[in-house]
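First the structure, in the form of structure tokens, and then the observations on it.
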There are 2 protein chains.
Amino acid sequence: MIADPAARRDVPDATVARLPEYLRALTDLAGRGVASVSSEELATVAGVRSAKLRKDLSHLGSYGVRGVGYEVEVLAHEISRQLGLAQNWPVAIVGLGYLGHALATYSGFANRGYHVVALLDRDPEIVGQEIAGMIVGSVDDLEQVVTGHGVAIGVIATPAASAQEVCDRFVAVGVRSVLNFAPCVLSVPQGVHVRKVDLATELQILAFHEQRKTESVRESRPLLEVSP
Amino acid sequence: MIADPAARRDVPDATVARLPEYLRALTDLAGRGVASVSSEELATVAGVRSAKLRKDLSHLGSYGVRGVGYEVEVLAHEISRQLGLAQNWPVAIVGLGYLGHALATYSGFANRGYHVVALLDRDPEIVGQEIAGMIVGSVDDLEQVVTGHGVAIGVIATPAASAQEVCDRFVAVGVRSVLNFAPCVLSVPQGVHVRKVDLATELQILAFHEQRKTESVRESRPLLEVSP
DNA sequence: AGATGTTTGTGAACGCACGCACAAAGTCGC
DNA sequence: GCGACTTTGTGCGTGCGTTCACAAACATCT
């Protein structure tokens, strides 16, 4: 029954990174009225191999029934709990350009265990606007807002030049988890967790593979040099 | 020494994923007038360990000078070339909600080896609008646009419900690299490369670690369980 | 020129993650 | 109740990625 304390201690990072995808797949299935799935089926929907899925889930505990499969509701609830989505984390978003705008209105946030409690920007043109049912506040009030709402996770969607300063202010008032969309490396003290998402990076990785594909067709042709 | 043909064949995926960050760091340094860096300095700016950086770069060839370091311009140009950024890949973006809007106006795309050649949407309200200096076209013309511009990379920023259909149409007209922002798994034939970015996923991974932190605080009190 | 100092490039050891294959554990039919 | 079938959970081998540590290679100073 209570295998949690032992199992929960060390969930591999690679597994953690896949849990949200499993949860999304399970939510899909639940929405379609599916009550039970095998690891094979769920793996297909989630885009992984069944063996990997089973090993991942085994790190959370034993929530399947041999010979039957997993109960969708039960497993979804368990993953949800492990990810801490029951806690409705208060999130603050700084920087409301198009990207911040997208994040604020992203239904995935509100519906998946998060609660955007504050939108902040530096531009007086943007401050005061209503976005996703909220009034954009001034970044000057960052400390007050974070403390007041007990913000645990800070989202940075500012230009790279402002990112470090915003991050420092987040950290100074106790935020220990930061999601950074600015194309720069943030330096933070030990114990603060930063995840970075760079849209251009993803494209560049794709471009690398794309080039390899076209290269293997042309095979060993000299590239043209660029003269400055 | 031309070590390229041998070295270029197998660049580890993990290394490829870091190359864009190195390139960004080098561009930063070049902009600040730095001409030469050691692996230690560059690693700090890029947020990795120097040993890892050196091993990564060694997969591209030998572009450093022992006892001195790397020439910023030379290394940047080399990574740029390996990533295929000299080719100005034509990119098409489908789905111009706030996220698609953000992608279209993202300066990182235009300035880093990409050329957004088409914006497409299904909503008649959005078709015809001007975004980032381009007129949004109808998704009905997807095949024509892709073929006409020789689009190699397709970006999907639609709702999940439409993503697979758009993907299929991309693939049908020869696109082999897809960047998917929709929260769903795309199924594609062998040889087509898909990268997925899900904004909610990143938050959930952060939440997991955040929960672990707060748990370890609460559980530090009942260290000893009552045993029978 | 030789000695000294610095930094790269890499062989080797280690650790993590993935896939395989199978025993364990359950269901179902009779 | 028992055998056949299904599916989970996992021990193990393998391969990849990271880190360490050092020799090779270059610059600089005397």
Side-chain angles (χ1 to χ4, degrees), chain A residues 1-4 6-19 21-22 25-26 29 34-72 74-76 78-79 82 205 208-209, chain B residues 1-4 6-19 21-22 25-26 29 34-72 74-76 78-79 82 205:
Chain A
M1 264 325 156
I2 317 220
D4 274 355
R8 187 188 283 174
R9 283 306 156 207
D10 58 327
V11 182
D13 283 349
T15 295
V16 173
R18 284 186 292 268
L19 289 182
E21 188 61 39
Y22 299 157
L26 286 166
L29 290 171
V34 179
S36 175
V37 281
S38 67
S39 63
E40 201 69 48
E41 294 166 329
L42 182 55
T44 301
V45 179
V48 298
R49 300 284 171 193
S50 63
K52 195 192 283 190
L53 171 69
R54 287 198 301 274
K55 180 149 285 187
D56 281 342
L57 295 183
S58 75
H59 289 122
L60 307 184
S62 188
Y63 296 98
V65 179
R66 301 183 188 216
V68 179
Y70 302 89
E71 230 178 299
V72 173
V74 172
L75 188 54
E78 180 56 27
I79 294 180
Q82 295 259 352
I205 295 171
F208 178 86
H209 292 109
Chain B
M1 178 67 82
I2 315 284
D4 271 357
R8 185 188 284 173
R9 283 307 156 207
D10 59 327
V11 181
D13 283 348
T15 296
V16 173
R18 285 186 292 268
L19 290 181
E21 188 61 39
Y22 299 157
L26 286 167
L29 291 171
V34 179
S36 174
V37 281
S38 67
S39 63
E40 202 70 49
E41 295 166 329
L42 182 56
T44 302
V45 180
V48 298
R49 301 282 172 196
S50 63
K52 194 191 280 190
L53 171 70
R54 288 199 301 275
K55 178 142 287 189
D56 281 343
L57 295 182
S58 75
H59 288 121
L60 307 184
S62 188
Y63 296 97
V65 179
R66 301 184 187 215
V68 179
Y70 301 88
E71 230 178 297
V72 173
V74 172
L75 189 54
E78 180 56 26
I79 294 180
Q82 297 258 352
I205 294 171

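Letters go in sequence order (proteins before strands), and every chain restarts at 1.
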Atom CG of A/Asp56 to atom P of C/dG19: distance rounded to whole Å?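 So the CG-P distance, A/Asp56 to C/dG19, works out to 10 Å.
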Given [options], which nucleotide is nearest the side-chain atoms of [X]?
X	options	answer
A/Ser58	D/dG9, C/dA17, D/dT8	D/dG9
A/Arg66	C/dT7, C/dG9, D/dT7	D/dT7
B/Ala51	D/dC20, D/dC26, D/dT10	D/dC20
A/Val68	D/dT18, C/dT7, C/dT27	C/dT27

Do B/Arg54 and B/Tyr70 touch side chain to side chain, with heavy atoms closer than 4.5 Å?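 When only atoms from C-beta onward are counted, B/Tyr70 and B/Arg54 do touch, with a gap below 4.5 Å.
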Closer to the 5' end of DNA chain D via nearest nucleotide, is it A/Lys55 or A/Val65?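 Its nucleotide being nearer the 5' end, the pick is A/Val65.
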Tell me whether the side-chain N/O atoms of [X] come closer than 4.0 Å to OP1 or OP2 in [N].
X	N	value
B/Ser38	C/dT7	no
A/Tyr70	D/dG9	yes
B/Ser39	C/dT7	no

Using only heavy-atom distances, decide whether a donor-acceptor pair under 3.5 angstrom links the side-chain of B/Lys52 to the base of D/dT19.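 Checked by distance alone, the answer is no.
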Given the structure, check if the side chain of A/Arg54 and the base of D/dG9 hold any donor-acceptor pair shorter than 3.5 Å.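 Between D/dG9 and A/Arg54, which were checked side chain against base, a qualifying N/O pair under 3.5 Å is present.
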